[in-house]
*Asks:* 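Got a structure for you, written out below as structure tokens; questions coming shortly.
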Number of protein chains: 2
Amino acid sequence: MNNQYRYIIRETGLKVTPTRLAVIKFFDQTKKPAHVADIIKALVSQKIYADQATIYRIVENFYKKGLINRLQFQKRKFYYETNREEHHHAICNSCGKIEDISNCSLQRLEKEIEKKHNFKVESHSLEFFGTCSNCLQK
Amino acid sequence: MNNQYRYIIRETGLKVTPTRLAVIKFFDQTKKPAHVADIIKALVSQKIYADQATIYRIVENFYKKGLINRLQFQKRKFYYETNREEHHHAICNSCGKIEDISNCSLQRLEKEIEKKHNFKVESHSLEFFGTCSNCLQK
DNA sequence: TTAGGTGCAAATGATTTGCAATAAT
DNA sequence: ATTATTGCAAATCATTTGCACCTAA
């Protein structure tokens with residue numbers, strides 16, 4: 001059951017600990033971007049009490065190992081989410097809801113940049129800000 | 001000479017003060033994204049000593065009035081730059097250099113999102129991370 | 001004159017760090 | 001046994017705030 005998670009962690013060279021398992025599981029089950037406070041809240045509701053320093057370290061390690069992505073939405077904090085296929089976000093300025101956007105097809109643009117600027121693109125971030133369907137109705 | 005800047009500030013409904021003039025001028029002359037510490041340093045070199053709280057307030061006001069843009073580059077701090085024609089950035093992971101990217105033509109994508117998600121796009125941020133030409137040679 | 005701007009110092013919020021205790025391999 | 005991980009408390013960094021004083025309109 002937890003074996004898939006143990007395996008994923010072990011593959012990165014990190015040690016398997018209960019808190020890391022819980023965090024991996026959290027990201028696997030919650031598909032939404034989450035910041036550290038979200039993660040802590042979710043773990044507390046499962047009666048898992050980890051220090052925030054620990055969560056910050058876990059999440060940065062996972063990010064560096066490529067297990068999760070790190071995002072920012074014009075906020076002061078970082079958000080993290082499972083590293084699934086390339087996609088982007090639409091963030092509602094009114095309620096804060098975050099929707100997924102896929103099929104952005106920026107490959108062409110990346111190619112152009114590499115040629116024009118002689119800049120090797122390794123990653124990109126693309127976020128849209130506006131008003132979501134719910135808030136539009138109000 | 002400073003009249004253009006006075007005019008720009010006055011148009012927003014904000015009062016014209018020496019510090020605001022200096023900040024507007026700074027953004028007009030420096031085309032690169034800058035964070036608050038950069039601005040303070042530039043002003044100090046002109047013997048203009050303003051409190052950091054003041055700069056934070058000025059910059060947020062200018063941003064809200066649409067005079068400057070606010071950016072984040074996977075850093076904890078905000079960057080600001082003059083609000084010129086739409087463009088994006090390529091940030092070097094190695095030396096931190098920031099290059100401009102123009103002609104992104106995301107209009108098509110925005111239209112799609114508006115239709116598919118019923119989400120009114122008001123702005124977007126698009127940044128590329130990688131290695132710049134200088135760092136590639138090392 | 002008066003609404004808005006500024007400086008100062010203290011508060012805040014997210015994140016990081018040092019270090020000793022503990023757990024995973 | 002060895003090395004990585006954790007908890008705790010304190011530090012840091014960017015940013016914000018309250019308040020008394022000052023200044024542009």
Side-chain angles (χ1 to χ4, degrees), chain A residues 2-3 5-24 26 33-44 46-65 67-68 70-80 96, chain B residues 2-3 5-26 33-44 46-65 67-68 70-81 96:
Chain A
N2 273 345
N3 287 332
Y5 301 130
R6 309 190 87 85
Y7 180 76
I8 293 170
I9 296 173
R10 201 168 287 128
E11 262 202 322
T12 66
L14 298 170
K15 288 184 176 174
V16 178
T17 68
T19 315
R20 281 191 177 145
L21 280 172
V23 173
I24 278 275
F26 168 82
H35 57 254
V36 168
D38 292 332
I39 301 168
I40 291 175
K41 209 198 288 179
L43 296 202
V44 165
Q46 302 170 234
K47 305 210 190 305
I48 298 174
Y49 307 97
D51 193 85
Q52 55 164 346
T54 302
I55 305 296
Y56 275 105
R57 286 188 271 231
I58 287 178
V59 122
E60 268 305 291
N61 277 330
F62 283 0
Y63 167 60
K64 280 180 195 145
K65 298 294 185 180
L67 252 42
I68 56 179
R70 192 175 69 176
L71 310 159
Q72 260 184 318
F73 303 117
Q74 291 273 48
K75 304 267 178 62
R76 251 186 285 84
K77 54 196 162 202
F78 288 118
Y79 286 75
Y80 299 85
Chain B
N2 273 343
N3 286 332
Y5 302 129
R6 309 190 86 86
Y7 180 76
I8 293 170
I9 296 173
R10 202 168 286 127
E11 262 201 323
T12 66
L14 297 170
K15 288 185 177 173
V16 179
T17 68
T19 314
R20 282 192 178 145
L21 279 171
V23 173
I24 278 276
K25 195 173 167 186
F26 168 82
H35 58 254
V36 168
D38 292 331
I39 301 168
I40 291 174
K41 211 197 287 178
L43 296 202
V44 165
Q46 304 170 234
K47 303 209 190 309
I48 298 173
Y49 306 98
D51 193 85
Q52 55 164 347
T54 303
I55 305 296
Y56 275 106
R57 286 187 272 231
I58 287 178
V59 120
E60 268 305 289
N61 277 330
F62 283 0
Y63 167 61
K64 281 182 194 144
K65 299 292 184 179
L67 253 42
I68 56 179
R70 194 174 68 177
L71 310 159
Q72 262 183 317
F73 303 117
Q74 291 273 49
K75 304 267 177 62
R76 252 189 283 84
K77 55 196 161 202
F78 288 118
Y79 286 76
Y80 299 85
E81 72 171 349

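Chain letters run A, B, ... following the sequence lines, proteins first, then strands; residues in each count from 1.
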*Asks:* Do N61(B) and L67(B) pass the side chain to side chain contact (heavy atoms under 4.5 Å, CB included) test, and can you show the C-alpha distance, the side-chain angles, and the key distance before you say yes or no?
*Replies:* CA-CA 9 Å; N61(B) 277 330; L67(B) 253 42; over 6 Å; no

*Asks:* Round to a whole Å and report the spacing from CD1 of I39(A) to C1' of dA14(C).
*Replies:* 13 Å

*Asks:* Out of curiosity, L21(A) CG to I48(A) CD1, how far, rounded to the nearest 0.5 Å?
*Replies:* 9.0 Å

*Asks:* Rounded to the nearest angstrom, tell me the gap between atom CG in D51(A) and atom P in dC19(C).
*Replies:* 17 Å

*Asks:* What is the separation between atom OH on Y79(A) and atom C1' on dT15(C), rounded to the nearest whole Å?
*Replies:* 15 Å

*Asks:* Both R76(B) and Y49(B) contact DNA chain C. Which one's nearest nucleotide lies toward the 5' end?
*Replies:* Y49(B)

*Asks:* To the nearest Å, give me how far apart CG (D38(A)) and P (dA14(C)) are.
*Replies:* 11 Å

*Asks:* Calculate, to the nearest 0.5 Å, the distance between atoms CG and CD1 belonging to L14(A) and I58(A) respectively.
*Replies:* 9.5 Å

*Asks:* Find the distance F62(B):CZ to dG4(C):C1' and express it as a whole number of Å.
*Replies:* 14 Å

*Asks:* Check for a donor-acceptor pair, side chain of R6(B) on one end and backbone N or O of V16(B) on the other, with a separation under 3.5 Å.
*Replies:* no

*Asks:* Within the structure shown, what part of the strands sits under 4.0 Å from A50(B) by heavy-atom distance: base, sugar-phosphate, or nothing?
*Replies:* sugar-phosphate

*Asks:* Can you check the Q52(B) CD to dG5(C) C1' distance for me, whole Å?
*Replies:* 17 Å

*Asks:* Distance check needed: dG13(C) C1' versus Q72(A) CD, whole Å only.
*Replies:* 14 Å

*Asks:* Short question: side chain of Q72(A), backbone of K75(B) - any donor-acceptor pair under 3.5 Å?
*Replies:* yes

*Asks:* Please evaluate the base of dG4(C) for a donor-acceptor partner in the side chain of R57(B) within a cut-off of under 3.5 Å?
*Replies:* no

*Asks:* Here's a test of your reading of the structure: between I58(A) and H35(B), which maps to the more 5' nucleotide of DNA chain D?
*Replies:* I58(A)

*Asks:* Just to verify, what does E60(A) make a side-chain hydrogen bond (donor to acceptor under 3.5 Å, both in side chains) with, not counting sequence neighbours?
*Replies:* R70(A), Y80(A)

*Asks:* Take E11(A) and K65(A), measure what side chain to side chain contact (heavy atoms under 4.5 Å, CB included) needs, and give me the verdict at the end.
*Replies:* CA-CA 10 Å; E11(A) 262 202 322; K65(A) 298 294 185 180; over 6 Å; no

*Asks:* Quick one: Y56(A) OH to dG18(C) C1', roughly how many Å, whole number?
*Replies:* 18 Å

*Asks:* Would you jot down, in residue-number order, the residues of residues 6-21 of chain B having a non-hydrogen atom under 4.0 Å from DNA chain D?
*Replies:* K15(B), V16(B)

*Asks:* I'd like the 5' and 3' limits of the part of DNA chain D contacted by chain B, with heavy-atom contacts below 4.0 Å.
*Replies:* dA14(D) to dA25(D)

*Asks:* Let me confirm one number: the OH-OG1 distance from Y49(B) to T54(B), rounded to the nearest 0.5 Å.
*Replies:* 15.5 Å

*Asks:* Going through the checks in order, is the side chain to side chain contact (heavy atoms under 4.5 Å, CB included) test met by T17(B) and I9(B)?
*Replies:* CA-CA 9 Å; T17(B) 68; I9(B) 296 173; over 6 Å; no

